[in-house]
Visitor: 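My questions will all concern the structure given below.
Only this structure's heavy atoms are used, side chains among them; waters, hydrogens and symmetry mates stay out. Here, residue 1 is the first one in the sequence, and each next residue gets the next number.
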Amino acid sequence: MSTYSEAGPPTQPPEAPATAPPGPRAPQPVQALMFMRDPIGFLHDCQRRYGPIFTIKMLGSPGMVMVADPELAHRVFSTDRDIGHAGQARADFLEPLVGAHSLLTLDGQDWMRQRKMLGSAFHGKHVQGYRAPIATIAAQQVERWPTGRPVTLRPRFQAITLEVILRVVFGVTDSERLRRLTHLLPRLLAATESLDTLMFLTPPWLWRRLDPLLTRTPATPNARFATLRRATDAIIYDEIAQRRDSAATERTDILSTLLSARDGDGTALNDEELRDALITLLLAGHETTATALAWCFERLMHNPEVEERARQAAVAGDAAYLTALAKETLRTRPIVGDMPRVLSEPLSLGGYRVPRGWWVSPAPLLTHASAALFPQPEEFRPERFLTDEVEPNAWMPFGGGRRQCLGAQFALLEMSAVLPEVLTRVRLRPAGDAAPEKPSLRHVTLAPARDVPVVAHPEPSPRR
Ligand code: HEM
């Protein structure tokens with residue numbers, strides 16, 4: 001039954017066939033372990049065996065239907081307006097961190113209100129204005145990268161995207177507050193990751209009993225998470241209070257836009273909603289974009305001709321090529337592998353019937369590797385995004401439907417702003433094992449398993 005006020009065409013065709021999509025018969029814990037060990041290999045193997053729509057069983061979900069076909073994926077996305085609940089699918093894992101008012105975990109009217117309020121800060125005109133501050137942050141950090149000795153790249157980009165979130169999204173300017181948040185937030189995210197791994201491997205009924213117990217037991221991941229969350233929240237609430245007091249109308253950061261946002265009744269976001277919104281944007285926007293940038297340079301190091309073309313584009317200020325490079329990175333290495341919805345009614349899909357209460361999830365990591373949709377899918381070729389070669393429905397690294405990534409435009413802008421600051425300052429070469437990196441599941445992202453070890457060499461004729 002729909003909980004949304006917007007009506008749309010019905011999601012169901014008149015007759016739903018009786019069977020659920022096929023899938024592996026191994027017990028749930030075995031499938032969960034296979035998925036954690038090699039998510040991509042496991043899903044590709046299922047796709048080869050069962051076709052573009054198949055069922056896997058993870059702990060705690062009655063059945064998860066994976067969808068590797070753009071038409072079917074878009075049918076799933078269309079359930080966002082009535083029977084598909086993306087918030088419910090994420091809530092167990094994310095709510096301890098993002099709180100009860102997060103766009104990520106809400107559904108229905110509550111989600112719609114938050115989406116409208118937060119959406120006001122992500123309009124194109126606002127987002128374009130962030131290019132210059134992001135480029136400055138990246139330039140200052142890359143200038144400090146050590147050269148001539150091995151470093152890992154993903155943490156370097158995490159530092160850049162964290163500073164972007166703190167300055168451009170949170171709008172923090174106080175240096176002590178910046179220092180403490182820069183110290184605490186990565187620890188809070190790491191603690192969340194440990195907690196999620198435990199939760200993933202524990203049946204939900206048991207977790208509900210264990211979690212309060214472990215939170216009271218010192219030195220457990222649960223207790224560490226609770227301590228870090230309290231410490232971070234205290235600083236964030238201080239920042240919100242100070243910003244409510246100061247009438248800095250010329251500010252352009254996202255928190256400032258949220259402070260002045262009003263819903264249809266003229267009501268503003270309260271402190272708790274603002275805290276949840278900031279942590280939501282941190283969680284959704286920091287690690288995802290850093291991981292995408294790390295993958296981009298990993299791919300460039302294995303594709304020297306593309307790297308050379310990218311460097312020319314950086315020097316020439318060719319934003320179109322750099323955006324195409326970001327898009328091809330997200331095609332070949334999607335950061336979020338699947339986008340589940342929990343069904344509140346059965347769904348007819350691809351000749352099967354997916355029961356109520358099951359999860360159904362479009363999987364870009366499967367569709368993006370399709371030779372029918374992307375000729376020579378294994379080739380890293382940004383040019384495919386400069387022509388009309390790519391079917392609009394086939395590329396879905398930011399999901400789709402009404403729950404599509406709120407920060408998609410921001411993320412592409414951030415990537416295309418950071419790339420030239422690196423390309424014009426340093427040449428990166430693999431450190432140690434030069435084999436391509438394998439994707440590995442970290443929290444919600446598919447990240448390079450070794451975090452991309454590199455040696456940076458100063459660019460012979462740097463642009464300043
Ligand atoms: C390369 C970087 C990024 C990738 C790959 C990415 C990907 C995604 C995906 C796949 C979803 C779920 C979509 C769905 O279920 O259909 C999502 C949701 C979301 N993303 Fe992103 N994202 C990125 C960066 C960002 C940034 C920079 C922000 C904000 C600063 C952001 C904010 C959000 C929010 C708030 C949602 C929840 C939307 C909702 O449920 O209404 N993301 N993102």
Visitor: Check this for me: does any side-chain nitrogen of one of Arg425 and Glu459 sit under 4.0 Å from a carboxylate oxygen of the other?
Guide: no

Visitor: For the aromatic rings, using the six-membered ring if either is Trp, is the centroid distance between Phe374 and Trp395 under 6.0 Å?
Guide: no

Visitor: Can you tell me if Asn303 uses its side chain to pair, donor with acceptor, with the backbone of Val306 under 3.5 Å?
Guide: no

Visitor: Could you tell me whether Glu239 and Arg244 make a salt bridge, using a distance below 4.0 angstrom between a side-chain N and a carboxylate O?
Guide: no

Visitor: Can you measure from CZ (Arg81) to CZ (Arg403) and round to the nearest 0.5 angstrom?
Guide: 15.0 Å

Visitor: Of the non-hydrogen atoms in Val455 and Ala431, which two are nearest, and what is the gap between them?
Guide: CG2-CB, 3.9 Å

Visitor: Show, in sequence, the C-alpha distance, side-chain angles and deciding distance for Val65 and Phe54, and conclude whether the side chain to side chain contact (heavy atoms under 4.5 Å, CB included) test is met.
Guide: CA-CA 5 Å; Val65 172; Phe54 56 87; over 6 Å; no

Visitor: Going by heavy atoms in the side chains, are Lys327 and Thr332 under 4.5 Å from each other?
Guide: no

Visitor: Do the side chain of His74 and the main chain of Ala394 share a donor and acceptor less than 3.5 angstrom apart?
Guide: no

Visitor: Tell me whether Arg429 at atom CZ has more than 12 heavy atoms from other residues, nucleotides or ligands lying less than 6.0 Å away.
Guide: yes

Visitor: For a quick test of reading the model, state the closest non-hydrogen atom pair linking Gly119 to Leu406 and the distance between them.
Guide: CA-CD1, 3.9 Å

Visitor: Once you round to the nearest 0.5 Å, how far does CH2 of Trp359 lie from CD of Gln88?
Guide: 8.0 Å

Visitor: I'd like to know if Arg90 and Asp107 make a salt bridge, using a cut-off of under 4.0 Å between side-chain N and carboxylate O.
Guide: no

Visitor: Per the side-chain contact (heavy atoms from CB on, under 4.5 Å) rule, which among Thr252, Val164, Val168 passes with Pro133?
Guide: Val168

Visitor: Could you give the distance from CG (Leu412) to CG (Leu322), rounded to the nearest 0.5 Å?
Guide: 11.5 Å

Visitor: Test Ile165 against Leu282 for side chain to side chain contact (heavy atoms under 4.5 Å, CB included), laying out the working first.
Guide: CA-CA 6 Å; Ile165 295 277; Leu282 165 80; 4.1 Å; yes

Visitor: When you look at Leu428 and Val422, which way does the side chain to side chain contact (heavy atoms under 4.5 Å, CB included) test go after all the steps?
Guide: CA-CA 9 Å; Leu428 301 172; Val422 180; 4.2 Å; yes

Visitor: Indicate yes or no: does Arg341 engage Asp80 in a salt bridge with an N to O separation below 4.0 Å.
Guide: yes

Visitor: Tell me which one of Arg156, Arg442, Lys438 satisfies salt bridge (Lys or Arg N to Asp or Glu O under 4.0 Å) with Asp451.
Guide: Arg442

Visitor: Looking at Arg299 and Glu437, is any side-chain nitrogen of the basic one under 4.0 Å from a carboxylate oxygen of the acidic one?
Guide: no

Visitor: Just wondering, are more than 12 heavy atoms of other shown residues or ligands nearer than 6.0 Å to CG in Asp388?
Guide: no

Visitor: Between Arg48 and Asp45, does any side-chain N to carboxylate O distance fall below 4.0 Å?
Guide: yes

Visitor: Nearest 0.5 Å, please: how far is CG in Leu347 from OG in Ser78?
Guide: 8.0 Å

Visitor: Find the distance between CG (Leu255) and CD1 (Ile240) and round it off to the nearest 0.5 Å.
Guide: 6.5 Å

Visitor: Quick one: does Trp295's side chain have a donor or acceptor within less than 3.5 Å of a partner on Pro439's backbone?
Guide: no

Visitor: Salt-bridge test for Asp271 and Arg275: reply yes if a basic N is under 4.0 Å from a carboxylate O, no otherwise.
Guide: no

Visitor: I need the Met58 CE to Leu33 CG distance, nearest 0.5 Å.
Guide: 9.0 Å

Visitor: Would you kindly say whether Thr424 and Arg311 are connected by a side-chain donor-acceptor distance under 3.5 Å?
Guide: no

Visitor: Is the shortest side-chain N to carboxylate O distance from Glu379 to Arg381 below 4.0 Å?
Guide: yes

Visitor: Please tell me if the side chains of Gln312 and Glu307 come closer than 4.5 Å, counting only heavy atoms from C-beta onward.
Guide: no

Visitor: Using atom types as modelled and distance alone, determine if a side-chain donor or acceptor of Thr197 lies under 3.5 Å from a backbone N or O of Glu193.
Guide: yes

Visitor: Does some side-chain heavy atom of Arg154 sit less than 4.5 Å from a side-chain heavy atom of Pro448?
Guide: yes

Visitor: Please evaluate residues Arg333 and His368 with respect to the criterion side chain to side chain contact (heavy atoms under 4.5 Å, CB included), reporting the C-alpha separation (whole Å), side-chain torsions for both, the decisive distance (0.1 Å), and the verdict.
Guide: CA-CA 9 Å; Arg333 295 294 182 273; His368 288 184; over 6 Å; no

Visitor: Taking the ring of Trp145 and the ring of Phe157, is the distance between their centroids below 6.0 Å?
Guide: yes

Visitor: Hey, is Arg167 close enough to Asp253 for a salt bridge, meaning N to O under 4.0 Å?
Guide: no

Visitor: Using the six-membered ring wherever Trp is involved, compare the ring planes of Tyr130 and Phe410 and label them parallel, tilted or perpendicular (cut-offs 30° and 60°).
Guide: tilted

Visitor: So, does Arg75 use its side chain to make a donor-acceptor pair with the main chain of Leu349 at under 3.5 Å?
Guide: no

Visitor: Is the shortest side-chain heavy-atom distance between Val67 and Ser361 below 4.5 Å?
Guide: no

Visitor: Go through His286 and Gln158 one step at a time and tell me if the side chain to side chain donor-acceptor pair (under 3.5 Å) criterion holds.
Guide: CA-CA 7 Å; His286 153 59; Gln158 283 172 306; 4.8 Å; no

Visitor: I'd like to know if Arg450 pairs up with Glu298 as an ion pair, taking the criterion as any Lys NZ or Arg NE/NH1/NH2 lying under 4.0 Å from an Asp or Glu carboxylate oxygen.
Guide: no

Visitor: Applying the side-chain contact (heavy atoms from CB on, under 4.5 Å) criterion to Met66, which one of Val360, Asp338, Thr55, Leu365 satisfies it?
Guide: Asp338

Visitor: For Ser120 and Met117, indicate whether the former's side chain and the latter's backbone hold a donor-acceptor pair under 3.5 Å.
Guide: yes

Visitor: Does a side chain donor of either Ser256 or Arg243 reach within less than 3.5 Å of an acceptor in the other side chain?
Guide: yes

Visitor: So Arg131 and Glu414, do their side chains get closer than 4.5 Å, heavy atoms only?
Guide: no

Visitor: Tell me whether Glu328 is salt-bridged to Arg384, with the criterion being a basic N under 4.0 Å from an acidic carboxylate O.
Guide: yes

Visitor: Identify whether the distance between the nearest side-chain nitrogen and carboxylate oxygen of Arg309 and Glu305 falls below 4.0 Å.
Guide: no

Visitor: Can you confirm whether the side chains of Glu272 and His101 place a donor and an acceptor under 3.5 Å from each other?
Guide: yes

